[in-house]
Protein chains: 2
Amino acid sequence: MSATKKETGKVPPRQNPMCAVCEVRCSALFGSLKGPALARVQSEIEDVALSANERIYGPGDAGKDVYTVRSGMVRFERHTEGGELRIVRVAGRGDLIGLEALLQRPYNDEALCCGPVKLCRIPCALIDKLADEQGALRRELMLRWQTTLEASEAWVANLATGPARRRMLRLLSRLSELGLPDGTIWLPRREKIGAMLDLTFETASRLVSQMRREGVLDLTTPRLARVNAQALREASAAQDAEGRDSATV
Amino acid sequence: MSATKKETGKVPPRQNPMCAVCEVRCSALFGSLKGPALARVQSEIEDVALSANERIYGPGDAGKDVYTVRSGMVRFERHTEGGELRIVRVAGRGDLIGLEALLQRPYNDEALCCGPVKLCRIPCALIDKLADEQGALRRELMLRWQTTLEASEAWVANLATGPARRRMLRLLSRLSELGLPDGTIWLPRREKIGAMLDLTFETASRLVSQMRREGVLDLTTPRLARVNAQALREASAAQDAEGRDSATV
DNA sequence: CGAGCCGTTGAGGGGATTCAAGCTCAGTGG
DNA sequence: CCACTGAGCTTGAATCCCCTCAACGGCTCG
């Protein structure tokens with residue numbers, strides 16, 4: 001995934017992301033495209049900037065596009081059979097979302113922005129066209145599906161398992177991956193944390209406070225926080241060890 | 001540990017499922033293939049019959065095949081970051097499993113048989129070859145990935161959310177889909193139910209007993225049961241209504 | 001300023017776990 | 001034949017975790 005060929009030089013201006021120099025190119029869908037194909041891509045892709053809680057797409061929308069996340073975090077909400085709201089996954093920088101649309105299927109979830117988000121909107125028609133010429137793109141697409149599937153299964157295993165405290169610690173760990181390298185993360189509203197971990201917002205609040213008292217979390221502005229990676233690792237290890245004890249008796 | 005090196009050449013031409021008349025053909029991967037391609041497929045596919053708890057593949061295995069489930073039920077186990085066992089998904093008749101292998105990736109989970117299972121083992125090399133000639137197959141593959149992803153997200157929303165009783169009711173509902181039309185289902189051991197729903201086996205047992213007393217479930221042989229679809233729907237509706245009440249206050 | 005949203009914290013109750021006992025059933029060997 | 005085991009299942013009692021209900025404080029905005 002390190003650059004295959006970049007620096008094709010000073011690609012002239014367009015209004016769109018200029019994939020050749022895009023900051024997520026190496027991990028992006030069109031990372032493998034060459035010259036002319038890449039040029040055509042650039043005229044059809046549109047980049048969009050959204051702010052917190054804006055809707056990218058939702059169930060029922062006629063899906064004609066997929067999106068690459070250039071920055072920010074996207075959450076996927078859906079309602080359970082019982083009607084409650086549940087967040088089933090989040091996507092971050094480099095992820096490709098809305099894959100259902102490539103199969104002419106309606107979107108399954110509602111995709112919403114956590115904080116400001118930048119996207120590339122990619123028409124499905126463009127991908128269909130390119131895929132016929134560029135075999136590598138097909139493989140890349142399958143890879144995206146697989147990556148998404150892995151994220152979903154990991155969500156089941158790590159964020160939907162065990163006591164609330166453990167789930168919270170794992171969420172912080174996941175948020176750290178999506179956040180800045182200095183540990184700054186986007187911390188959702190308590191109610192959203194609840195929807196991710198299947199908790200009430202009160203319990204989510206108590207856990208956030210607990211993390212704060214323990215020095216794992218440091219709340220800065222309303223929706224931003226800093227994670228102490230070291231303390232998080234220690235707390236997680238302690239929590240996991242405890243679980244192992246009772247399981248190994 | 002089941003056979004990994006097959007296809008040693010002298011495979012008799014006639015031992016395979018005959019896709020053209022296979023009972024799952026319409027929903028199967030090669031449902032769209034025509035004449036000659038189909039004939040070639042039949043000489044390379046091997047059908048396997050496994051019994052309860054046999055391992056189909058596991059993390060670390062060199063993935064060289066994918067499998068179509070012809071009958072029975074397959075569960076996917078993995079360990080959480082804390083080391084506990086968790087079942088993250090199940091597959092049934094018509095499902096294609098082990099898709100990671102198509103991307104030369106190691107399998108993510110351990111795939112195990114619930115009860116007797118019949119599979120078609122399909123070499124990845126065969127799919128790669130066919131995909132170059134038959135465009136429809138590529139689309140079919142993507143559809144499989146998407147279907148699997150949807151199943152995984154539904155698992156999060158329905159089997160990992162809410163009180164234990166609701167999760168159990170939803171599990172029964174899901175097992176019914178995979179079972180016979182007369183309501184006969186394969187009911188896992190209590191410990192496995194726990195691994196699916198994130199419960200202790202005692203709680204799983206209590207819930208099974210409860211379902212039985214309510215007439216939702218009727219245990220026959222050790223691992224088989226019959227579901228009263230009507231009673232299950234009613235119990236689910238009641239459970240969901242209750243949830244909605246407290247949520248809507 | 002009051003209204004409303006978000007977050008925090010406390011008190012009490014309920015649901016799931018934990019610990020523990022006892023049951024059935026298959027297999028084994030006396 | 002029957003005692004003896006061990007695995008799986010069931011059930012009870014006590015504990016603990018999380019939910020529910022409730023009050024309150026900070027903040028923005030009309």
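Here is the naming used below: chain letters follow the sequence lines, and residue numbers restart at 1 for every chain.
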| Tell me: CG of A:D198 to P of C:dA16, nearest whole Å? | 11 Å

| note | Letter by letter from the 5' end, nucleotides 7-14 of chain C scores (B base, S sugar-phosphate only, - none; protein heavy atoms under 4.0 Å) SBBBB---

| query | Are A:D109 and A:R86 within salt-bridge range, i.e. N to O under 4.0 Å? | reply | no

| task | In whole angstrom, give the distance that lies between atom CZ of A:R167 and atom C1' of D:dC18. | result | 9 Å

| request: Whole angstrom is fine here: how far is it from CG in A:L224 over to C1' in C:dC6? | output: 16 Å

| remark: Between B:L149 and A:S152, the two heavy atoms sitting closest are CD1-CB, 4.0 Å

| task | Would you mind checking if A:R78 and A:E110 are paired as a salt bridge, meaning a charged N to carboxylate O distance below 4.0 Å? | result | no

| task | For B:R166 and D:dC19, give me the distance from atom CZ to atom P, rounded to whole Å. | result | 13 Å

| task | Mind checking salt bridge (charged side-chain N to carboxylate O under 4.0 Å, His left out) for A:E202 and listing every partner two or more places apart, or none if nothing turns up? | result | none

| Under the salt bridge (charged side-chain N to carboxylate O under 4.0 Å, His left out) test, which residues partner B:R89, sequence neighbours left out? | A:E153

| Are side-chain heavy atoms of B:T147 and B:L96 found at a separation under 4.5 Å? | no

| A:R167: partners by salt bridge (charged side-chain N to carboxylate O under 4.0 Å, His left out), with sequence neighbours left out | none

| task | Can you check each nucleotide of nucleotides 23-30 of chain D against protein heavy atoms at under 4.0 Å and return B for base, S for sugar-phosphate only, - for none, in 5' to 3' order? | result | --------

| message | My understanding is that only residues two or more places apart in sequence, or in another chain, count here; which of them pass salt bridge (charged side-chain N to carboxylate O under 4.0 Å, His left out) with B:E234? | response | none

| message | In this structure, how many angstroms lie between the P atom of D:dC17 and the CE atom of A:M168, rounded? | response | 16 Å

